[in-house]
Amino acid sequence: MIATPDRTPLPRNFFDRPVLEVAPDLLGRLLVRTTPDGPITLRLTEVEAYDGPNDPGSHAYRGRTPRNDVMFGPPGHVYVYFTYGMWHCMNLVCGPDGQASAVLLRAGEIVEGAELARKRRLSARNDKELAKGPARLATALGVDRALDGTDACASGETPLYVLAGTPVPSDQVRNGPRTGVAGDGGNGDAHPWRYWIANDPTVSPYRAHVPRRRRS
DNA sequence: CTAGTGATTCCCT
DNA sequence: GGGAATCACTAGC
């Protein structure tokens with residue numbers, strides 16, 4: 001018997017914890033994007049942790065800038081960045097005000113509003129691909145820098161918020177190295193930054209980081 | 001399935 | 001100036 005997902009918002013103190021504690025706890029939670037045409041709801045299936053000042057792979061590693069400013073603010077807010085000239089990716093800020101850690105939302109399953117997500121993701125061959133990858137996830141939900149700094153703990157009062165949903169039992173959580181991150185030191189290092197739901201078809205495939213060659 | 005590469009623009013050095 | 005927390009597409013196995 002499947003429990004009905006909990007539609008109460010996650011409280012701010014949920015995010016005011018160490019990022020490696022928050023990240024696996026976000027799996028199975030519901031992200032709601034309200035749009036003029038109706039809500040799009042996504043169940044989180046894959047996330048990745050960035051540990052602020054201690055983490056060479058984090059955007060916050062080299063200090064506060066206009067781009068990463070929201071990461072240094074209070075927990076429970078959305079940090080959106082623009083990358084590769086074309087894409088946006090979204091994070092949820094964790095830890096106390098000033099700490100600058102965050103969880104990148106890498107993939108999810110669209111559980112409501114799939115017809116709206118499909119219009120934004122015309123290249124998706126099936127619904128499993130709608131949010132399979134961090135930029136795809138942001139595209140499917142219509143998230144860009146205009147939503148940078150949104151409070152995700154204020155249900156109904158913001159265009160983007162997180163509900164308790166159904167947390168995933170720890171025996172269904174898998175973890176491993178981050179994907180595609182420069183300065184992550186290759187392999188043997190540190191923490192299991194990336195977390196996903198075992199055998200979930202919406203989880204993005206692993207890709208090792210490849211340094212780009214210069215254009216001729 | 002895997003591996004390689006072009007697209008395209010912002011931001012920090 | 002040049003790298004970037006990616007994607008879509010192609011070729012080849």
Side-chain angles (χ1 to χ4, degrees), chain A residues 19-20 22-24 26-27 31 42 44-72 77-95 99-108 110 117-149 152 175-187 189-196 199 201-216:
Chain A
V19 67
L20 290 176
V22 177
L26 277 169
L27 298 174
L31 181 66
L42 175 132
L44 290 169
T45 60
E46 182 190 356
V47 300
E48 200 162 79
Y50 288 84
D51 192 14
N54 312 314
D55 181 359
S58 170
H59 289 169
Y61 186 60
R62 287 169 181 80
R64 194 168 189 161
T65 69
R67 179 208 207 194
N68 65 23
D69 190 64
V70 170
M71 286 185 87
F72 288 81
H77 289 246
V78 178
Y79 165 52
V80 182
Y81 65 87
F82 179 77
T83 192
Y84 288 103
M86 280 172 276
W87 310 109
H88 291 88
C89 297
M90 62 174 296
N91 301 252
L92 293 167
V93 176
C94 297
Q99 168 118 91
S101 59
V103 175
L104 172 69
L105 308 185
R106 287 199 57 88
I110 305 287
R118 284 184 208 115
K119 291 180 191 170
R120 303 180 189 277
R121 290 273 303 118
L122 296 179
S123 63
R125 288 169 298 187
N126 57 64
D127 284 2
K128 309 271 194 258
E129 290 186 354
L130 287 173
K132 184 184 233 175
R136 289 167 168 179
L137 184 154
T139 301
L141 297 179
V143 170
D144 62 20
R145 284 224 92 199
L147 293 180
D148 188 49
N175 65 69
R178 283 192 299 222
T179 77
V181 180
D184 201 24
N187 46 13
D189 193 28
H191 306 286
W193 304 102
R194 178 174 170 250
Y195 298 87
W196 66 94
N199 301 120
T202 65
V203 171
S204 62
Y206 175 76
R207 291 273 181 265
H209 178 68
V210 288
R212 304 309 313 267
R213 287 185 326 180
R214 264 180 295 173
R215 298 190 324 191
S216 56

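In what follows, every heavy atom counts, from backbone to side chain, and hydrogens, waters and symmetry copies are set aside. So that the names make sense, note that chain A is the first sequence line, chain B the second, and so on, each numbered from 1. Predicted model only: the values in this text are computed from it and were never measured.
- Annotation: cation-pi pair A:Arg178/A:Tyr206 absent, no NZ/CZ under 6.0 Å from the ring centroid and within 45° of its normal.
- Looking at A:Asn68, A:Leu104, A:Val70 one by one, the single match for side chain to side chain contact (heavy atoms under 4.5 Å, CB included) with A:Tyr81 turns out to be A:Leu104.
- In this structure, A:Asn91 and A:Ala102 approach most closely via the heavy-atom pair CB-CB, 3.9 Å.
- Remark: A:Arg106 pairs with A:Glu46, A:Glu48 by the salt bridge (Lys or Arg N to Asp or Glu O under 4.0 Å) rule, at least two apart or across chains.
- Residues passing the salt bridge (Lys or Arg N to Asp or Glu O under 4.0 Å) test with A:Asp69, sequence neighbours excluded: A:Arg64.
- In summary, of the residues considered (A:Ser101, A:Ser58, A:Cys94), a side chain to side chain contact (heavy atoms under 4.5 Å, CB included) with A:Met71 occurs for A:Ser58 alone.
- The distance between atom CD of A:Glu46 and atom P of C:dA5, rounded to the nearest whole Å, is 16 Å.
- Here B:dT9 presents its C1' atom at 14 Å from CG of A:Asp144, a figure rounded to the nearest Å.
- Considering only heavy atoms from C-beta on, A:Leu20 stays 4.5 Å or farther from A:Asp51 through its side chain.
- By the neighbour-count criterion of 12 heavy atoms within 6.0 Å, atom CG of A:Asn199 is sparsely surrounded, having that number or fewer from other residues, nucleotides or ligands.
- Of all heavy-atom pairs spanning A:Glu129 and A:Arg136, the tightest one is O-CD, 4.0 Å.
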message = Both atom distances under 3.5 Å, Watson-Crick or G-U wobble: I'd like the secondary structure of DNA chain C as a dot-bracket string, with | for pairs made across strands.
response = ||||.|||||||.

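- Taking atom OH of A:Tyr206 as the reference point, atom C1' of B:dC1 lies 18 Å away to the nearest angstrom.
- A 6.0 Å sphere centred on OH of A:Tyr61 holds no more than 12 heavy atoms belonging to other residues, nucleotides or ligands.
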Got a list of protein N/O to nucleotides 10-13 of chain B N/O distances below 3.5 Å?
{"residue": "B:dC12", "atom": "OP1", "partner": "A:Thr65", "partner atom": "OG1", "Å": "2.6"}

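- Taking every heavy atom of both residues into account, A:Ser204 and A:Ala107 meet most closely at N-CB, 4.2 Å.
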Pairwise N/O distances under 3.5 Å, protein to nucleotides 11-13 of chain C:
none

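- Taking a 6.0 Å sphere around CZ of A:Arg145, one finds it holds more than 12 heavy atoms contributed by other residues, nucleotides or ligands.
- Between A:Val47 and A:Trp196 there is no side-chain heavy-atom pair separated by less than 4.5 Å.
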Distances under 3.5 Å between nitrogen or oxygen atoms of protein and nucleotides 6-10 of chain C:
{"residue": "C:dT6", "atom": "OP2", "partner": "A:Gly180", "partner atom": "O", "Å": "3.3"}
{"residue": "C:dT6", "atom": "O2", "partner": "A:Trp87", "partner atom": "NE1", "Å": "2.8"}
{"residue": "C:dT6", "atom": "O4", "partner": "A:Arg212", "partner atom": "NH1", "Å": "3.1"}
{"residue": "C:dC7", "atom": "OP1", "partner": "A:Pro134", "partner atom": "N", "Å": "3.3"}
{"residue": "C:dC7", "atom": "OP1", "partner": "A:Ala135", "partner atom": "N", "Å": "3.2"}
{"residue": "C:dC7", "atom": "OP1", "partner": "A:Arg136", "partner atom": "N", "Å": "3.3"}
{"residue": "C:dA8", "atom": "OP1", "partner": "A:Arg121", "partner atom": "NH1", "Å": "2.7"}
{"residue": "C:dA8", "atom": "OP1", "partner": "A:Ser123", "partner atom": "OG", "Å": "2.7"}
{"residue": "C:dA8", "atom": "OP2", "partner": "A:Arg136", "partner atom": "NE", "Å": "2.7"}
{"residue": "C:dA8", "atom": "OP2", "partner": "A:Arg136", "partner atom": "NH2", "Å": "2.6"}

